[in-house]
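Encoded as structure tokens, the structure appears first; notes follow it.
As the structure is a computational prediction, the values presented were derived from the model and not from experiment. Throughout, protein chains are lettered first and strands after them, A, B, ... in sequence-line order, and every chain is numbered starting at 1.
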2 protein chains.
Amino acid sequence: MNVAVKKYKPGKIRERNEELILEAAEQEFVLHGFKGTSVQAIADRAGLPKANIHYYFKNKSNLYSAVLSNIIDLWNDSLEDITADDDPAEVLRNVIRKKVELSYLHPRSSKLFAMEIIQGAPHIREYIRSDMRQWVRSKTKVFDAWIAAGKMDPIDPVHLIFMIWSTTQHYADFETQVLTLMNRAEYERDDIERITNCLVHVILKGCGLNP
Amino acid sequence: MNVAVKKYKPGKIRERNEELILEAAEQEFVLHGFKGTSVQAIADRAGLPKANIHYYFKNKSNLYSAVLSNIIDLWNDSLEDITADDDPAEVLRNVIRKKVELSYLHPRSSKLFAMEIIQGAPHIREYIRSDMRQWVRSKTKVFDAWIAAGKMDPIDPVHLIFMIWSTTQHYADFETQVLTLMNRAEYERDDIERITNCLVHVILKGCGLNP
DNA sequence: GTCTATAATCAGATAGAC
DNA sequence: GTCTATCTGATTATAGAC
């Protein structure tokens, strides 16, 4: 039997408060950037005294890194297990659908990640240089195999990946502009379906695949 | 004869200093956002005392608006004069080329505009709602005419425009990520050519046009 | 674990000498 | 037009009572 069982819900408060703070922090960081966000504003949004933020996360920089780390985990599981034997059309269809879905469900995550990159990626430079580069390398190999096998047009795999990222994340990052230009208050399920179909059509057909 | 001619280069200093300040401000705003940027940092970068910034531009908000206004002017001249009689393939080729070129030549402008939108477009909401929406409306009519004439696949024109914007501006906004993943220090002329050709191929072919 | 009070620093903006 | 000095308020972070 676990000894901790006798203690009164030991990590429960901590877990809940950390969650509250991370959520509030993400919102504030998206609205005002890292430097522009005050710890006070995060505390107010989380409904906690400012000092508690410093109690749970040593300082603003640590908190920001924690938020970014959560985001990277959330967006990391796509295209995970493809091989040269898979059907490229089906793989691309699934990736595009998944990315549009993520943009729909977690626009704020995408926005904060985008802001970090736009500002020169000062906090995640190393992640891009190592993990992300490794990931891209392994995927491009599969694309190259498909091209060599004549399964798709010879599109540079790296730029194809950029194209999928940019077109799908655009609906999260530029949400404000997109919705205003479409004269809508927020995305509906229908919109997501239409966007996905549109992107799948253009990108797959553009790669010489059957949409 | 102009009376001002007798005065000692009246607007010269003002013009030069305003230019210096706008340039420095754009750099700082991209790096730290509106709230995160201090007037002192802009002054330091411009090589002027802080008080001069307030002399030329009433306050930080005015300066920021001036920078954004410059950016909008710079990016505004594309797709300006297309008609239903034009060849869609040629128009799209030119637009993509022009947008990639702008991203190459003025990445900072694109970045700052992107940050403003990501943060909810607090300073340019009205511009998007009026001028930009009007512009999109007029262009979609041309696309619709092309589709009705069977000149291209029935791709929703609005999403096609978003696709062109997102894929081209990605190379400016996500410059840090793109260059790191491509293992390069900066874009070369060759890269720009390759990127343009790749985007032209996929998008045009994806729309049922001849790349 | 929680939160008030406070220290030390930095921000935007302006007055006023030059 | 230029720039130093300064006001006022906000900022991060911490100390210490509860």
What is the distance, to the nearest angstrom, from the [atom1] atom on [X] to the [atom2] atom on [N]?
X	N	atom1	atom2	result
A/L48	C/dT2	CG	C1'	10 Å
B/L20	D/dG1	CG	P	14 Å
A/Y64	D/dT11	OH	P	18 Å
B/K35	C/dG12	NZ	C1'	13 Å
A/F57	D/dT14	CZ	P	16 Å
A/I53	C/dT2	CD1	C1'	12 Å
B/H32	C/dC10	NE2	P	15 Å
A/Q40	C/dA11	CD	P	18 Å

Q. To the nearest 0.5 Å, how far apart are CD1 in B/I203 and CG in B/L209?
A. 11.0 Å

Q: From the options D/dG1, C/dG12, C/dG1, select the nucleotide whose nearest atom is closest to the side chain of B/Y56.
A: D/dG1

Q | Lys/Arg N to Asp/Glu carboxylate O, B/R97 vs B/E193, below 4.0 Å | A | yes

**Q.** Lys/Arg-Asp/Glu bridge criterion (N-O < 4.0 Å) met for B/K141, B/D144
**A.** no

Q | Closest non-hydrogen atom pair between B/L181 and A/I128, with its separation | A | CD2-O, 3.8 Å

Q: Look at the rings of A/F174 and A/H170 and say which category their plane angle falls in: under 30° parallel, 30 to 60° tilted, over 60° perpendicular.
A: parallel

Q: Describe, in one word, how the ring planes of B/F34 and B/Y64 are oriented to each other, choosing from parallel (under 30°), tilted (30 to 60°) and perpendicular (over 60°).
A: tilted

Under 4.0 Å from OP1 or OP2 of [N]: is there any side-chain N or O of [X] that close?
X	N	answer
B/N17	D/dT2	yes
A/H54	D/dA13	yes
B/Y55	C/dA13	no

Q.
Keeping A/R129 on the side-chain end and B/N183 on the backbone end, is there a donor-acceptor pair under 3.5 Å?
A. no

Below 3.5 Å is the cut-off: list the nitrogen or oxygen pairs between protein and nucleotides 4-10 of chain D, distance only.
none

**Q.** Global bending angle along the helix from C/dG1-D/dC18 to C/dC18-D/dG1, which compares the axes of five pairs at either end, to 10 degrees
**A.** 0°

Q. Can you find a pair of side-chain heavy atoms, one from A/V39 and one from A/N59, that are under 4.5 Å apart?
A. no

Q. With a non-hydrogen cut-off below 4.0 angstrom, is B/T37 in contact with a base, only sugar-phosphate, or nothing?
A. sugar-phosphate

Q | Donor-acceptor pair between B/Y187 and B/E175 side chains, under 3.5 angstrom | A | no

